[in-house]
2 protein chains.
Amino acid sequence: MSPAGGSSTRARLIAESMRLFGRQGYAGTTVSEIEAAAGLSGGSGSLYRHFPSKEALLSAGIREQITQGTELLNRIEAAGAAADAPLRASLTAIAVAGLRRLEQEQDFNRILVKDLSLFPELLDIARTEEIARIHAAIAGWLRAHAASGSESKDWAAIATVIIGSISHFWLLRDIFGTHPADVDEERYITALVDMVVAGLAGNEGETDVSPPEPEPNNIARTKE
Amino acid sequence: MSPAGGSSTRARLIAESMRLFGRQGYAGTTVSEIEAAAGLSGGSGSLYRHFPSKEALLSAGIREQITQGTELLNRIEAAGAAADAPLRASLTAIAVAGLRRLEQEQDFNRILVKDLSLFPELLDIARTEEIARIHAAIAGWLRAHAASGSESKDWAAIATVIIGSISHFWLLRDIFGTHPADVDEERYITALVDMVVAGLAGNEGETDVSPPEPEPNNIARTKE
DNA sequence: ACTCCTTGCAAGTAACTACTTACTTGTAGC
DNA sequence: GCTACAAGTAAGTAGTTACTTGCAAGGAGT
């Protein structure tokens, strides 16, 4: 049986399992539920015609999501490198784009946070293929676009602060429905961008930045 | 039998269940495991002498952790209000204290992120008793200690950025073991504090960028 | 027709799930 | 010793879990 709605059964199983894993967690989602959500008869082992195990289904979904994510990341990198807008507007656009991306990939992010600790090889893929690349892209963007005459800074650390801040705003909103401190997206991004702009302009000689490692070796590190 | 090692069975059940829930998730932890971890005979229903259900055990653990957390919060508030150190040192101390607190309550935070979405009444307690209070405390501290002559700002939003940034740094380190971007705690806190200090001092970093730029349509912040 | 292969379902499997019941134990007060 | 009671255990309960097996329906190619 092939002409079922236009999407293959395998693709439907992956998509629905990611949705259910994201909502209920891996352990809290049964194979029967996944089958039923994908249009199969729940309780029959039809899932095992397409995947050898529940874990293999999770693995396939994670890997597929990551390959899609890197394609999206490549496009973002290209767009960011070509951007010529003023700093504040560019940072705001990046922050908004990051939030939209977090929302778009909410199931993947939920699974990453909730359950991926139990699957170390998937964790490793997510780290090297997705998260580390995003950090490197933002850090590189900062170095290229914000170093107008000022001294060099710890771009990787600044990128980590920015990404972490936006990611946690999404996470709290995802968990609680609304942000527990009742700060909406507009105020949040404005406050973040204000701080980043001020920090990048920063030639305030008030107290010197502690330089433990001026330019650590986390960009362009060796791959195995 | 009461004097068993110094801790009551009920307390041991709560502590071990929080540890296991944090590591494996609520659905991924069995009553049998909890009993065995608490020194009881796993598989016997001994847990039900102390709690009517697995969910009641989770609820008791969450509530107990929150009451302990608020006591700790009160002490932090008092210490912060009395502090008279320079801004940068105070902010650094707050950031470090926040990270230590996140690590100390790692099981609670893991459960909050992983499983509490399925228990809305516990989510609500955590939001109002813990998270909202922390945000209010930091926002109040900023308003009191950082408004030296400068104009008023959106303190709640700035506090949210700071807290979210630190929380996400802890979360990523907790999930991956080490931070996926290889930024250590020292560099991270330095970068964050630099940005906050510059943003708070910012009667220059903000005003010289905002007026002429064609900003996107998301700049209209409200202050509370 | 034939074989080969895929995809589905019904009906299982053994193991595990949260939870219960009946009973034993240790300890305390009188 | 006797009672009272909290706390532990063994051995269940009925239901659920991931996963398997037998079989049928349908193509595709020959």
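Proteins come first, then strands; the chains are lettered A, B, ... in the order of their sequence lines, and each starts at number 1.
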Atom pair distance, as rounded to whole Å: CZ in R49(B) and P in dT9(D) | 11 Å
Distance, rounded to the nearest Å, where F51(B) contributes CZ and dA18(C) contributes P = 15 Å
Please give, in whole Å, the distance from dA10(C) C1' to L40(A) CG?
-> 14 Å
Rounded interatomic separation in angstrom, taking CZ from R12(A) and P from dT7(C) = 12 Å
Are H179(A) and H135(B) close enough that their ring centres sit under 6.0 Å apart?
-> yes
Atom NZ of K54(A) to atom P of dT20(D): distance rounded to whole Å?
-> 14 Å
Rounded to the nearest Å, what distance is computed from the CD atom of residue E35(B) to the C1' atom of nucleotide dA11(D)?
-> 14 Å
Most 5' of G43(A) and G43(B) on DNA chain D, judged by nearest nucleotide | G43(B)
So what does S46(B) hit on the nucleic acid, given a heavy-atom distance under 4.0 Å: a base, only sugar-phosphate, or nothing?
-> base
Polar contact flag, side-chain donor to acceptor under 3.5 angstrom, R49(A)-S46(A) | no
Could you give the distance from CD (E129(A)) to CD1 (I134(A)), rounded to the nearest 0.5 Å?
-> 11.5 Å
Return the value, rounded to whole Å, for the distance between atom CZ of R10(B) and atom C1' of dA6(D).
-> 14 Å
From Q104(B), E103(B), R110(B), residue fulfilling side-chain hydrogen bond (donor to acceptor under 3.5 Å, both in side chains) relative to Q106(B) | R110(B)
Residue T30(B), side-chain heavy atoms: nucleotide from dG8(C), dA18(C), dA10(D) that is nearest | dA18(C)
V31(B) or S41(A), whichever maps to the more 5' nucleotide of DNA chain C | S41(A)
N or O in side chain of H50(B) less than 4.0 angstrom from dA6(D) OP1/OP2 | no
Phosphate-side-chain proximity, S32(B) and dT17(C), N/O vs OP1/OP2 below 4.0 Å | no
pair F169(A)-L102(A): side-chain heavy atoms closer than 4.5 Å | no
Write down the distance between OH (Y48(B)) and C1' (dA10(D)), rounded to a whole number of angstrom.
-> 16 Å
